[in-house]
Amino acid sequence: MQTPYNPKDIEKKWQDYWKEQETFVVKEDAQKKKFYGLVEFPYPSGSGLHVGHPRSYTAMDIICRKRRMQGYNVLFPMGFDAFGLPTENYAIKTGRPPAEVTKENIENFTRQLQLLGYSFDWSRTVDTTDPQYYKWTQWIFLQLFERGLAYKKNKPINWCIRCKIGLANEEIVGGNCERCGGEVEKRDKEQWMLAITKYADSLLEGLKEVDYIKRAKVQQEHWIGRKEGVNITYKVEGSEENVVCFTTRPDTNFGATFVVVGPEHPLVSTITKSDKKKEVDEYVKKAKLTKEIERTAEDKEKTGVFTGSYCINSLNNKKIPIWVADYVLGNVGTGAVVGVPGHDKRDFAFAKAKDIDIIRVVVDKNGDTTPITKIEQVQEESGTMINSGFLNGLDIHEATQKIMDYIEEKGWGKKVINYKLRDWVFSRQRYWGEPIPLIHCVDCGWVPVPEDQLPVKLPHVEKYEPTDTGESPLAAMSDWVNTTCPTCAGPAKRETDTMPNWAGSSWYFLRYCDPNNNNELASRESLTYWSPVDWYNGGMEHTVLHLLYSRFWHQFLFDIDLVPTKEPYKKRTSHGMILAKGGEKMSKSKGNVVNPDDIIHEFGADTLRTYIMFMGPFDQVAEWDTNGLVGVKRFLDRIWLLQTKVSDSTPENPEAQSALHKTIKKVSEDIESMSFNTAVAKMMELSHTFQKLDTIPKRYFEKFILLLSPFAPHISEQMWQNLGNINTIVYESWPAYKEEYLQEEEVTIAIQVNGKLRATITVNADSSEEDITAAAKTDAHIVPWLAEKVIKKVIYVPGKLVNIVA
RNA sequence: GCCGCGGUGGUGGAAUGGUAGACACGAGGGACUUAAAAUCCCUUGAAGGAAACUUCGUGCGGGUUCGACUCCCGCCCGCGGCACCA
């Protein structure tokens with residue numbers, strides 16, 4: 001008699017077995033083809049694993065388990081991205097050292113991940129806060145520094161007042177701090193910058209050779225924001241100065257009626273006429289005090305003041321006024337814009353507000369030539385030039401090319417490529433991050449910490465609070481800060497800023513290849529064997545920043561010949577978020593977070609894993625529904641009970657055999673396309689088919705268990721053992737289907753009359769088209785529909801349907 | 001505003017242009033049981049009909065096609081990203 005299915009005993013038993021047997025520990029093996037499956041390593045927060053994490057992990061676990069069964073040598077690692085603000089904030093509140101808190105959190109996360117039965121190679125775990133790890137994060141930074149890609153710059157940074165931290169542009173959401181939602185202001189501060197813009201083209205180019213989901217590519221392209229245009233030089237009348245304006249639409253330049261410089265523009269004071277000085281100064285002062293979010297609000301009314309100066313549009317020798325207006329941003333393009341109000345919405349609004357001429361130079365496809373002052377302004381995607389001298393009659397795109405060449409030829413401007421991408425603000429005035437390994441010497445300037453002195457370890461401090469002065473808590477540690485210059489041995493000071501969170505996660509996948517190497521970030525041999533990551537799954541929230549940053553670092557490492565491939569990830573997919581019941585995000589404050597521990601306790605890890613895969617399309621958001629677990633649990637219960645029906649000496653059953661092979665095909669294909677929900681559904685169907693049998697041939701059941709094992713590994717191992725197998729199921733061969741078994745003896749053919757279903761008939765699979773159409777026409781259900789009608793046409797789709805057109 | 005994704009039963013969701021609603025939840029009925037739980041079986045898009053069956057039905061309006069959830073055109077709604085980016 002079969003014992004009942006008891007996930008608690010089974011799951012613990014097999015988790016212990018895998019650990020003792022080192023089932024998932026891998027080594028490089030030149031004889032085997034490799035597969036590197038990667039999931040984003042979690043931030044080990046104090047609240048533990050969240051039910052959203054297992055969506056990504058289970059999916060990749062299934063893929064990796066399948067690859068092992070397909071004979072691949074599989075690297076599937078896990079680690080912890082453990083530097084970060086929540087831990088630091090917790091330390092501030094409780095006074096406990098972040099390292100201690102981190103250690104506890106990692107232990108808890110590890111426990112939870114192991115309860116889920118993932119096939120991670122735990123011997124390769126990395127922790128970004130481990131000095132043996134961040135030694136190499138610092139080392140990579142120094143490589144960037146030595147090649148001029150890390151530089152210090154005094155620039156206005158985004159300062160979160162509440163977190164007391166400088167933020168990267170990427171960390172501002174809707175003008176507020178991404179983390180705390182608080183106000184952000186501009187502050188001048190010396191910041192370490194990484195020259196990611198030097199890699200803009202390369203990062204764009206690299207996207208062509210990788211297999212990323214479309215929206216990940218599109219978002220990255222958008223973020224890089226490459227734009228071809230021309231910097232046009234406008235001579236300021238009665239002055240030696242020039243105003244340079246970037247535009248992507250030089251075709252409309254005959255319609256230029258003004259130039260606007262932003263309040264930050266360096267020429268503002270020089271070009272302002274004395275009688276306008278007071279007004280301009282006041283305007284500029286006010287603009288600088290206005291928060292960027294207010295200034296750039298889309299529906300904000302256009303304001304600005306005339307400088308009193310004019311410049312000359314060389315194209316038509318027209319004299320046009322120069323204005324100062326805050327809708328022009330200092331950090332975009334050249335910080336100055338040529339105003340073409342006829343064909344740019346913002347220029348139009350400005351011209352209307354200031355009563356400046358509006359000239360139409362483009363006729364859209366409707367041929368409308370109404371003066372633009374009389375209609376709402378347009379911004380055409382296509383059209384023909386008018387009022388534009390030698391451009392007249394040209395399509396706007398042709399005109400753009402022609403005039404760019406012309407302007408450059410005449411020396412009035414220069415073709416340029418602009419990017420939306422900015423250099424990466426790389427310093428943080430916080431404690432819980434990697435110290436930036438540089439020393440400042442009055443005589444020698446910034447000097448790297450010598451390699452043999454890495455890592456620069458985080459010292460123990462008494463207080464973790466950041467300061468209002470904008471200095472890291474490390475700045476107060478005078479023993480640590482004061483040091484000697486590695487070059488001249490004179491007195492020198494350490495850099496007290498730390499690196500941002502993104503640093504450790506920008507190369508962690510390389511460290512997994514060789515996690516304990518003390519001499520290099522990872523050995524060339526291990527990187528050559530495992531690189532690149534074959535399949536990387538993660539959240540959409542990381543497709544811009546983390547993905548771009550890590551690609552940048554990786555391309556840099558490739559350029560200095562430390563890694564074997566230009567691109568780090570061959571394939572990138574993304575899972576949808578798991579929302580709480582009701583469609584809200586799960587959050588501690590709302591109290592709607594589902595803890596995997598509770599679910600595992602009640603239903604078991606196999607049920608949880610299978611349910612998460614079954615709940616809906618993998619790439620779309622899904623609402624958590626505890627009721628849904630019931631169905632999956634019943635499915636596993638049912639399979640468990642099927643064991644009693646398994647028999648060694650049962651003849652073939654064509655129907656069951658066909659169902660089995662269809663399931664093999666479907667599950668195999670669905671895993672590859674991440675259609676896990678339909679794979680599970682197909683296995684459920686098969687379980688019903690088997691249930692109807694008196695006895696199940698053992699060879700069928702074994703194949704079924706093999707298919708199930710990536711989804712529900714514990715119960716599968718146990719049933720595999722129950723069937724008399726001695727070895728783990730993990731390295732058994734993935735079942736193959738046979739085309740011949742997919743065919744059924746009889747097929748159901750749909751019969752339509754004029755495209756509407758009127759009957760179905762069941763025929764032998766090998767029936768001829770003639771026989772089937774004849775049977776269709778004479779079917780009792782069909783005959784009345786054809787009465788008094790002439791059959792015009794019969795469409796036959798083999799094995800599917802007959803459509804009689806009458 | 002632009003870009004991406006989506007809209008299908010009471011619910012989550014299935015459907016290479018070919019029988020819409022697989023699979024699952026829930027609900028209703030039945031079997032087993034002293035009873036309940038568990039399990040198993042049946043029914044379950046809507047309307048009409050005793051039934052056979054008929055009509056309608058995949059956000060809305062058109063179109064292509066023998067045939068459209070699927071392709072094309074024009075909209076509406078929801079989610080995500082970007083956004084006075086010149």
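Letters A, B, ... are given to chains in the order of the sequence lines, protein chains preceding strands, and every chain is numbered from 1.
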Among the nucleotides [options], which one has an atom lying closest to any side-chain atom of [X]?
{"X": "A/K793", "options": "B/G4, B/A22, B/C66", "answer": "B/C66"}
{"X": "A/N627", "options": "B/A24, B/C25, B/G18", "answer": "B/C25"}
{"X": "A/P617", "options": "B/G4, B/C82, B/G13", "answer": "B/G13"}
{"X": "A/Q620", "options": "B/C23, B/C5, B/C66", "answer": "B/C5"}
{"X": "A/D326", "options": "B/U19, B/A86, B/C84", "answer": "B/C84"}
{"X": "A/T678", "options": "B/C85, B/U19, B/A14", "answer": "B/A14"}
{"X": "A/M684", "options": "B/G18, B/A24, B/C85", "answer": "B/A24"}

Distance between the [atom1] atoms of [N] and [M], in whole angstroms?
{"N": "B/G45", "M": "B/U11", "atom1": "P", "value": "13 Å"}
{"N": "B/G13", "M": "B/G49", "atom1": "P", "value": "35 Å"}
{"N": "B/A51", "M": "B/U58", "atom1": "P", "value": "26 Å"}
{"N": "B/C60", "M": "B/C76", "atom1": "C1'", "value": "7 Å"}
{"N": "B/G9", "M": "B/A15", "atom1": "C1'", "value": "15 Å"}

Identify whether the distance between the nearest side-chain nitrogen and carboxylate oxygen of [X] and [Y] falls below 4.0 Å.
{"X": "A/R226", "Y": "A/D201", "result": "yes"}
{"X": "A/K665", "Y": "A/E669", "result": "yes"}
{"X": "A/E40", "Y": "A/R572", "result": "yes"}

### Query
Aromatic ring centroids of A/W323 and A/F350 under 6.0 Å?
yes

Tell me whether the OP1 or OP2 atom of [N] has a side-chain N or O from [X] closer than 4.0 Å.
{"X": "A/K227", "N": "B/A86", "answer": "yes"}
{"X": "A/K420", "N": "B/C85", "answer": "no"}
{"X": "A/H688", "N": "B/A22", "answer": "no"}
{"X": "A/N803", "N": "B/G18", "answer": "no"}
{"X": "A/R634", "N": "B/G26", "answer": "yes"}
{"X": "A/Q219", "N": "B/C82", "answer": "no"}

### Query
For nucleotides 52-59 of chain B, read 5' to 3', which letter fits each nucleotide if B means a protein heavy atom sits under 4.0 Å from the base, S means only the sugar-phosphate is that close, and - means neither?
-SSSS---

### Query
Between the side chain of A/K354 and the main-chain N/O of A/T303, is any donor-acceptor distance below 3.5 Å?
no

### Message
Between A/D606 and A/I715 (side chain of the first, backbone of the second, donor and acceptor by atom type, cut-off under 3.5 Å), is there such a pair?
### Response
yes

#### Entry: For B/G9, glycosidic torsion class - syn if within 90° of 0, otherwise anti
syn

### Message
Working note: A/N242 + A/T233, criterion side-chain hydrogen bond (donor to acceptor under 3.5 Å, both in side chains); need CA distance, chi angles, decisive distance, verdict.
### Response
CA-CA 6 Å; A/N242 294 315; A/T233 304; 5.8 Å; no

Within the structure shown, what part of the strands sits under 4.0 Å from [X] by heavy-atom distance: base, sugar-phosphate, or nothing?
{"X": "A/N677", "answer": "sugar-phosphate"}
{"X": "A/V328", "answer": "base"}
{"X": "A/F614", "answer": "base"}
{"X": "A/V332", "answer": "base"}
{"X": "A/E685", "answer": "sugar-phosphate"}
{"X": "A/E541", "answer": "nothing"}

### Query
Are any non-hydrogen side-chain atoms of A/Y327 and A/D347 less than 4.5 angstrom apart?
yes

### Query
Taking only Watson-Crick and G-U wobble pairs with both distances under 3.5 Å, what dot-bracket line describes RNA chain B, where [ ] shows pairs that cross earlier ones and | shows pairs with another strand?
(((((((..(((.....[....)))((((((.......))))))((((....))))..(((((..]....))))))))))))....

